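Keep in mind that what you see is a predicted model, and the values were worked out from it rather than measured.
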Amino acid sequence: MPMNILHRVLCRSTVWERISATKIVPWALSDIDLGGRALEIGPGYGANIRSLLDRAGSLTGLEIEPALAERLRTRHGAEMTVIEGDGARMPLSASEFNSVVCFTMLHHVPSVSEQDALFAEALRVLRPGGVFAGSDGLDSRGFRLLHLGDTCLPVPPETAVERLTRAGFVDVEIDTGGGSFRFRAHRPE
């Protein structure tokens with residue numbers, strides 16, 4: 001999804017990778033076992049890759065932007081599988097992953113219906129009992145300023161439980177803190 005130049009510079013920086021590795025991923029995934037096969041939806045520039053490789057047996061990244069998918073293959077192709085595709089229409093088999101994660105990307109999905117389709121697809125590709133987890137930013141003036149010229153449709157955390165439950169998830173948890181929210185939900189056994 002389109003990102004302005006400031007946003008692109010930030011997301012590919014070592015500063016962002018460090019923030020992701022030390023704050024975002026540990027908070028979003030605390031007490032979560034990713035299992036043998038993990039899928040990251042929207043890995044973008046790859047800020048979360050190192051942290052996720054330390055937590056999962058194998059990692060697949062599903063990236064919608066062709067140039068970013070190629071960049072991920074070039075930089076991490078020996079360590080993970082990179083697939084070009086849309087999270088709302090995943091070119092993946094059902095029940096393929098123990099876990100599905102996404103970080104700071106849901107607000108780039110351009111409509112509520114596409115976000116809900118992404119939730120449904122995350123459920124479809126999870127194995128029974130698998131976990132869908134991650135984080136995204138909370139809507140604020142500063143958040144909107146960073147996203148001027150971007151696709152920016154924040155997911156209101158107060159609607160996330162109902163939306164994830166409607167998609168078929170159980171045991172949905174939402175927590176907020178530090179300008180972000182994290183979510184955790186399971187596919188029924």
Side-chain angles (χ1 to χ4, degrees), residues 1-2 20 24-25 27-44 48 51-52 55-65 68-69 80-139 143 147 150-177 179-189:
M1 305 301 153
S20 179
I24 296 170
V25 172
W27 177 63
L29 299 183
S30 67
D31 302 321
I32 291 181
D33 179 2
L34 296 182
R37 298 202 63 205
L39 169 67
E40 182 181 15
I41 303 170
N48 308 313
S51 296
L52 294 175
R55 294 172 172 264
S58 71
L59 180 63
T60 298
L62 178 69
E63 176 54 52
I64 195 168
E65 295 293 335
L68 292 179
M80 66 182 287
T81 302
V82 178
I83 299 170
E84 189 178 320
D86 185 342
R89 288 168 285 288
M90 295 187 202
L92 299 164
S93 300
S95 304
E96 194 170 334
F97 297 95
N98 302 95
S99 58
V100 175
V101 297
C102 60
F103 305 94
T104 65
M105 59 72 63
L106 289 172
H107 61 276
H108 288 293
V109 179
S111 70
V112 170
S113 63
E114 289 287 299
Q115 290 171 347
D116 288 344
L118 184 147
F119 299 154
E121 280 292 276
L123 181 79
R124 183 184 68 78
V125 301
L126 276 172
R127 293 177 180 159
V131 65
F132 178 42
S135 67
D136 207 25
L138 295 173
D139 200 5
F143 189 76
H147 291 83
D150 286 7
T151 298
C152 185
L153 182 63
V155 174
E158 59 273 10
T159 68
V161 171
E162 189 272 327
R163 290 172 68 187
L164 289 165
T165 301
R166 190 175 57 230
F169 287 100
V170 296
D171 304 324
V172 179
E173 298 175 26
I174 306 295
D175 295 308
T176 60
S180 297
F181 76 96
R182 71 179 178 185
F183 60 91
R184 297 138 181 250
H186 291 85
R187 178 177 171 180
E189 292 283 345

Quiz item: How far apart are the closest heavy atoms of F103 and I24, and which atoms are they?
Solution: CD2-CG2, 4.0 Å
Quiz item: How long is the span from the NE2 atom in H108 to the SG atom in C152, to the nearest 0.5 Å?
Solution: 7.0 Å
Quiz item: Which value, rounded to the nearest 0.5 Å, describes the distance between F97 atom CZ and L34 atom CG?
Solution: 12.0 Å
Exercise. State, yes or no, whether a side-chain contact exists between L153 and V109 at a heavy-atom distance under 4.5 Å.
Key: no
Quiz item: Quick one: are E114 and R89 in side-chain contact, heavy atoms under 4.5 Å?
Solution: yes
Exercise. Apply side chain to side chain contact (heavy atoms under 4.5 Å, CB included) to F183 and C102, showing your working.
Key: CA-CA 10 Å; F183 60 91; C102 60; 3.7 Å; yes
Exercise. Scan side-chain atoms only and decide if S99 and R55 contain a donor-acceptor pair under the 3.5 Å cut-off.
Key: no
Exercise. Walk me through it: do L138 and F181 pass the test side chain to side chain contact (heavy atoms under 4.5 Å, CB included)?
Key: CA-CA 7 Å; L138 295 173; F181 76 96; 3.9 Å; yes
Self-check item: 4.5 Å side-chain heavy-atom contact, L123 and P188
Solution: yes
Self-check item: Minimum heavy-atom distance between G61 and P43, given as atom pair plus value
Solution: CA-CG, 4.0 Å
Self-check item: Pairwise distance CG(D136) to CE(M105) - rounded to 0.5 angstrom
Solution: 8.0 Å
Exercise. Report yes if the side chains of R182 and S30 come closer than 4.5 Å at any heavy-atom pair, otherwise no.
Key: yes
Quiz prompt | Minimum heavy-atom distance S135-W27, with the two atoms named | solution = CB-CZ3, 4.4 Å
Practice problem: With rounding to the nearest 0.5 Å, note down the distance linking CG in D33 to CG in N98. | Solution: 8.0 Å
Practice problem: Could you pull out the closest heavy-atom pair between A133 and I32, with the gap in Å? | Solution: CB-CD1, 3.7 Å
Self-check item: Separation between OG of S58 and CG of L52, rounded to the nearest 0.5 Å
Solution: 11.5 Å
Quiz item: Any side-chain heavy atom of I83 sitting closer than 4.5 Å to one from M90?
Solution: no
Practice problem: Kindly assign one of parallel, tilted or perpendicular to the pair F132 and F169, based on the angle between their ring planes and the thresholds 30° and 60°. | Solution: parallel
Exercise. State the CD-CG distance between Q115 and L164, to the nearest 0.5 angstrom.
Key: 10.5 Å
Self-check item: Non-hydrogen atoms of R127 and R37 that approach each other most closely
Solution: NH2-CD, 3.7 Å
Practice problem: Work out which heavy atom in D171 is nearest to a heavy atom in H186; give both atom names and the distance. | Solution: CB-ND1, 3.9 Å
Practice problem: Report yes if the side chains of L106 and L118 come closer than 4.5 Å at any heavy-atom pair, otherwise no. | Solution: yes
Quiz item: Charged N to carboxylate O below 4.0 Å: is that the case for E158 and R163?
Solution: no
Quiz item: So do L62 and P91 actually touch side chain to side chain, heavy atoms under 4.5 Å?
Solution: yes
